[in-house]
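Fair warning: this is a prediction, and the values are worked out from it, not measured in the lab.
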Amino acid sequence: MTTRTTEPAPRRIPLSRERVLQTAIRLADEGGLESLSMRKLGQKLGVEAMALYYHFANKDEVLDGLVDLVFTEIDLPSVGAHWKTAMRERAIAVRDALARHRWAIGLMESRRNPGPANLRHHDAVLGCLRAAGFDIAMAAHAYSLLDGYIYGFALTKMNLPFSRSDAAAVAESMLKPFPIDEYPNLVEIMTEHVMKPGYDYGDEFVYGLDVILDGLDKARDRP
């Protein structure tokens, strides 16, 4: 008589706040915020939606946590670095994070209950500006100007009707239905710039950023 053995049940990974947020950010990255609900999140984790409420009171708290998670991906301004270098690196890091998490553009500065990474980031940026000699008002102006540019550029790039690989083809198709002599300036920039090999709208970011930083440098020293 043979003894029948049963396979042990696979060990379930405990549900934790971190695990919920990591799963939520993957859902949002794959399908946008519209794909993120407590029910879908529970299904992805293999639990009932009610189990999530042990860690989060509601979806809004999940969004707070997601925003904080994105902020952890952005390095704080380097201590001891020149403020322009630090702000340049920080701006590029924010832009790259927004490219990875396109859904986050409208959420990063919207939270009424920001997490520690969110607060730490803002405090470090302001601290860098103040240490560089910006008075309180100018530090606020600089922060607002930089973030307006970073988020605005990220949103524009995200909604462009072309990518780096097909920019020339799309530009040509845009102009094709119209007499080219009606829009000479647009035709010139399209043919002499956009339609050139290797054009990437994303390259405009650093140029504009450096113009802003140079302007802030002059404004800081103005009486």
Side-chain angles (χ1 to χ4, degrees), residues 3-77 89-127 143-144 146-166 201-202 205:
T3 304
R4 190 174 179 181
T5 60
T6 57
E7 291 289 330
R11 186 167 172 265
R12 175 174 288 187
I13 302 172
L15 194 63
S16 66
R17 181 181 176 87
E18 179 66 20
R19 185 176 166 225
V20 172
L21 288 176
Q22 290 293 344
T23 302
I25 204 168
R26 284 195 297 272
L27 274 175
D29 288 346
E30 291 167 5
L33 289 180
E34 60 273 14
S35 70
L36 183 62
S37 68
M38 300 300 264
R39 182 179 62 81
K40 289 180 180 177
L41 189 51
Q43 288 176 346
K44 197 75 172 177
L45 288 160
V47 300
E48 293 293 329
M50 288 303 296
L52 302 177
Y53 291 99
Y54 178 80
H55 299 279
F56 300 92
N58 48 47
K59 181 181 175 180
D60 216 41
E61 279 196 8
V62 175
L63 295 180
D64 290 340
L66 288 183
V67 167
D68 214 50
L69 205 55
V70 176
F71 271 111
T72 66
E73 298 180 12
I74 304 166
D75 290 337
L76 300 180
E89 290 175 349
R90 176 256 174 184
I92 292 171
V94 174
R95 177 203 62 183
D96 292 347
L98 294 175
R100 290 191 297 271
H101 311 293
R102 293 157 60 95
W103 51 268
I105 292 176
L107 288 184
M108 296 291 279
E109 300 297 329
S110 70
R111 312 321 298 162
R112 290 191 174 189
N113 298 295
N118 187 336
L119 296 173
R120 191 161 49 245
H121 178 89
H122 286 76
D123 185 74
V125 172
L126 289 169
Y143 206 141
S144 177
L146 286 165
D147 271 15
Y149 177 69
I150 296 165
Y151 289 107
F153 190 96
L155 187 62
T156 299
K157 188 173 186 300
M158 184 177 74
N159 289 296
L160 286 176
F162 57 83
S163 63
R164 179 176 182 173
S165 61
D166 65 355
Y201 175 76
F205 179 78

Review point. Backbone N or O of Asp68 within a donor-acceptor pair of the Asn118 side chain at under 3.5 Å?
Key: no
Review point. Is there a side-chain contact between Leu146 and Val125 (heavy atoms, below 4.5 Å)?
Key: no
Check your understanding: Tell me, do Phe56 and Leu21 make a side-chain contact under 4.5 Å, heavy atoms counted?
Key -> yes
Exercise for review: Please name the pair of heavy atoms, one in Gly65 and one in Arg17, separated by the smallest distance, quoted to 0.1 Å.
Suggested key: CA-NH2, 4.4 Å
Check your understanding: Can you check side-chain contact (heavy atoms from CB on, under 4.5 Å) on Val70 and Leu107, steps first, answer last?
Key -> CA-CA 10 Å; Val70 176; Leu107 288 184; over 6 Å; no
Practice item. Indicate yes or no for a side-chain donor-acceptor contact from Tyr54 to the backbone of Ser16 under 3.5 Å, with no hydrogens or angles considered. Key: no
Point to revise | Within 6.0 Å of CZ in Arg111, more than 12 heavy atoms from elsewhere | key: yes
Review point. How about Met38 and Val62: do any of their side-chain heavy atoms sit closer than 4.5 Å?
Key: yes
Review point. Does a side-chain heavy-atom distance below 4.5 Å link Phe71 with Arg120?
Key: no
**Study point:** Gap separating the CG atom of Leu15 from the CD atom of Glu48, nearest 0.5 angstrom
**Key:** 12.0 Å
Review point. Please walk me through it: do Arg19 and Leu45 pass side-chain contact (heavy atoms from CB on, under 4.5 Å)?
Key: CA-CA 9 Å; Arg19 185 176 166 225; Leu45 288 160; 3.8 Å; yes
Check your understanding: Among all residues two or more places apart in sequence or in another chain, which pass the side-chain hydrogen bond (donor to acceptor under 3.5 Å, both in side chains) test with Gln22?
Key -> Glu18
Review point. Going by heavy atoms in the side chains, are Thr156 and Tyr201 under 4.5 Å from each other?
Key: yes
Study note, to complete from the structure: For Pro77 and Ala124 the tightest heavy-atom approach is CD-CB, 3.7 Å
**Study point:** Residue pair His101 / Ile25, side-chain heavy-atom distance below 4.5 Å
**Key:** yes
Check your understanding: So, Asn159 side chain and Leu155 main chain: donor-acceptor pair closer than 3.5 Å or not?
Key -> yes
Practice item. Could you tell me which non-hydrogen atom of Gly202 sits nearest to which non-hydrogen atom of Arg95, and how far apart they are? Key: O-NH1, 4.1 Å
Revision key, fill the gap. Closest non-hydrogen atoms of Met158 and Ile105, given as atom of the first, atom of the second and distance, are SD-CD1, 3.9 Å
Practice item. Would you name the heavy atoms of Glu34 and Lys40 that are closest together and state the gap between them? Key: O-NZ, 4.2 Å
Practice item. Classify the ring geometry between Tyr149 and Phe205 as parallel (under 30°), tilted (30 to 60°) or perpendicular (over 60°). Key: parallel
Check your understanding: Do you know the tightest heavy-atom contact between Leu66 and Trp103?
Key -> CB-CH2, 3.8 Å
Point to revise | Heavy-atom check, side chain of Leu76 versus side chain of His121, under 4.5 Å | key: yes
Review point. Is the number of heavy atoms from other residues, nucleotides or ligands within 6.0 Å of NZ (Lys157) greater than 12?
Key: no
Check your understanding: Around Glu109, counting heavy atoms of other residues, nucleotides and ligands shown, do more than 12 lie under 6.0 Å from its CD?
Key -> yes
Review point. Would you call Arg26 and Lys44 a side-chain contact if the rule is heavy atoms closer than 4.5 Å?
Key: no
Check your understanding: Under 3.5 Å, side chain of Asp147 to main-chain N/O of Ile150, donor-acceptor pair present?
Key -> no
Review point. Can you list the steps and then say if Val94 with Met108 is a side-chain contact (heavy atoms from CB on, under 4.5 Å)?
Key: CA-CA 10 Å; Val94 174; Met108 296 291 279; 5.6 Å; no
